[in-house]
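Atoms within a ligand are numbered from 1 in the order they appear, just like the ligands themselves.
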Amino acid sequence: MAKETSKRKSMKTKKVTKAIFPVAGMGTRFLPATKSIPKEIMTLVDRPLIQYAIDEARAAGIKEFIFVTSRGKSALEDYFDHSPELENTLRKAGKSDLLEILKDTNMDSGAIAYVRQNRPMGLGHAVWCARRLVGDEPFAVLLPDDVIAADKPCLAQMVEAYEQTGGNVVAAMEVAPEKASSYGVLDIGEDMGAIVRAKGMVEKPKQGEAPSNLAVIGRYILSPKVMNNLNKMKQGAGGEIQLTDAIAEEVPDGNVFGFRFRGQRYDCGSKAGFLQATVAFGLARPDLSEEFNAYLHDMIALQKAAQ
Ligand code: UTP
């Protein structure tokens, strides 16, 4: 493998500058909130989920941001636009700190593009909707409901793994065997530590049939071939067009790698995961941690006393 990897490396990989953010799902696990608020606008402390994903992509060198949206998601478009009235009011009030915070939400004209997915036909279909904007280039995919706390942002770690392998790189983490059926799972061919070469990949395997407990989470760096594979529109698990299936087609070429990222992933698409992330991000905030920590201690003590 070492020889093979360095051969790939010397072929020089094309830089990843485009990222797709599929945000067209219905977010049914957060109804009724998501009846009128896109899930991606829900906030961890004071920043919406989508902001964490955008910041992570920027830190990995992404220059073009492609959103796959659906009806009812216009709040997302407004979030990344300038807000002249608000900015003028803050400027007049001398609130330069707040103006500074707003800067992160502004995107350069043309850096962000929106395509529509008319019906929620699955993650693979959502990614395929961005095919014309991606063209013949490698691209990243970030699912904003997976929030990853890490010293070095997860996608930046993956870009390094991509430069090393030259192949498709999917973020992976060990999960409890009984949880594997909720994920795409890798069949491990060659385990090199942080990087594994996959010899198979299956979406939502039946209980007890997962090939390993190495699960794929919502960060990917993919070759244009995966986009071509999506053209076939083959329905997979749950009748949806699965991104996992399109990636798995590249496995026989030895071109799919799992990457054990360093960091803590929160599944903010689920209520429990969202609450866990809220606690973790709240405790990590210097302006809140003391008060919040004391409150949590009191809550736990009260709960114990009531038992
Ligand atoms: P999820 O299945 O976790 O999100 O899809 P969901 O469908 O919005 O949520 P629930 O299960 O109903 O609560 C993972 C990601 O893929 C996007 C979602 O927006 C989310 O970011 N997605 C999913 C699409 O863009 N289109 C789809 O057809 C399906």
Side-chain angles (χ1 to χ4, degrees), residues 18-44 48-57 65-77 79-80 112-134 139-148 154-155 170-173 175 179-185 203-204 215-220 222 226-227 230-231 233-247 265-277:
K18 297 183 177 179
I20 302 175
F21 301 82
V23 292
M26 291 191 288
T28 53
R29 284 169 288 173
F30 278 96
L31 281 171
T34 44
K35 188 180 164 201
S36 64
I37 307 167
K39 175 171 66 176
E40 302 74 19
I41 285 290
M42 296 195 320
T43 57
L44 283 181
L49 296 181
I50 193 67
Q51 180 81 58
Y52 291 91
I54 290 282
D55 288 351
E56 187 181 324
F65 304 80
I66 305 162
F67 280 53
V68 182
T69 65
S70 56
R71 285 176 293 282
K73 301 271 180 173
S74 50
L76 273 168
E77 298 189 23
Y79 180 78
F80 287 111
I112 197 160
Y114 299 92
V115 287
R116 282 259 175 149
Q117 185 190 28
N118 293 339
R119 275 184 299 147
M121 289 169 66
L123 177 59
H125 182 261
V127 169
W128 175 82
C129 289
R131 66 200 177 282
R132 293 205 177 84
L133 294 169
V134 165
F139 58 98
V141 178
L142 294 93
L143 306 190
D145 39 11
D146 271 341
V147 176
I148 301 168
C154 180
L155 194 66
V170 300
M173 64 177 220
V175 297
K179 296 264 169 75
S181 56
S182 311
Y183 294 88
V185 179
E203 183 64 30
K204 299 193 175 60
V216 176
I217 60 122
R219 299 288 183 277
Y220 310 78
L222 302 173
V226 173
M227 200 58 106
L230 284 169
N231 280 328
M233 289 289 144
K234 249 173 52 196
Q235 287 188 356
E240 295 192 331
I241 292 154
Q242 297 288 357
L243 182 58
T244 302
D245 296 343
I247 300 170
R265 172 254 189 182
Y266 297 94
D267 175 12
C268 291
S270 79
K271 289 190 257 278
F274 193 90
L275 289 171
Q276 286 157 18

Measure the distance from atom 19 (O) of ligand 1 to every protein heavy atom, then report the residue, atom name and distance (to 0.1 Å) of the closest one. G25 N, 2.8 Å
The closest protein heavy-atom partner of atom 8 (O) of ligand 1 is G27 N, 2.9 Å
Please state which option from L143, I241, D145 has its nearest heavy atom closest to atom 20 (C) of ligand 1. D145
Would you find a donor on one side and an acceptor on the other, under 3.5 Å apart, between the side chain of R219 and the backbone of D146? yes
Give me the nearest non-hydrogen protein atom to atom 3 (O) of ligand 1 as residue plus atom name, then the distance to 0.1 Å. R29 NH2, 3.0 Å
Under 4.0 Å to a heavy atom of M121 - the qualifying atoms of ligand 1, by number: 28 (O)
Using a 4.0 Å heavy-atom cut-off, say whether H125 meets ligand 1 through its side chain, its backbone, both or neither. neither
So for ligand 1, is M26 a polar contact partner (N or O within less than 3.5 Å, distance only)? yes
Considering heavy atoms of the protein only, find what lies nearest to atom 25 (O) of ligand 1 and give residue, atom and distance to 0.1 Å. A24 N, 2.9 Å
Going by the atom numbers of ligand 1, which of them fall below 4.0 Å from some non-hydrogen atom of L123? 16 (O), 29 (C)
For ligand 1, which part of A126 has a heavy atom less than 4.0 Å away: the side chain, the backbone, both, or neither? side chain
Nearest non-hydrogen protein atom, atom 26 (N) of ligand 1: Q117 OE1, 2.7 Å
Could you check atom 12 (O) of ligand 1 against the protein and tell me its nearest heavy-atom contact, residue, atom and distance included? T28 OG1, 2.5 Å
Which ligand 1 atoms are under 4.0 Å away from a heavy-atom of G122? 26 (N), 27 (C), 28 (O), 29 (C)
Note the single closest protein heavy atom to atom 21 (O) of ligand 1, along with its residue, its atom name and the distance in Å. P22 O, 2.8 Å
Going by the rule side-chain hydrogen bond (donor to acceptor under 3.5 Å, both in side chains), which residues pair with K204 if we only count those two or more places apart in sequence or in a different chain? none
Need the ligand 1 atom indices (1-based, order shown) with element for anything under 4.0 Å from a heavy-atom of P120. 28 (O)
In terms of atom number and element, which parts of ligand 1 are under 4.0 angstrom from non-hydrogen atoms of E40? 19 (O)
Side-chain polar contacts of residues 21-35 - donor-acceptor pairs under 3.5 angstrom, sequence neighbours left out - could you list them?
residue	atom	partner	partner atom	Å
R29	NE	G269	O	3.4
T34	OG1	G27	O	2.8
T34	OG1	F30	O	3.4
T34	OG1	L31	N	3.3

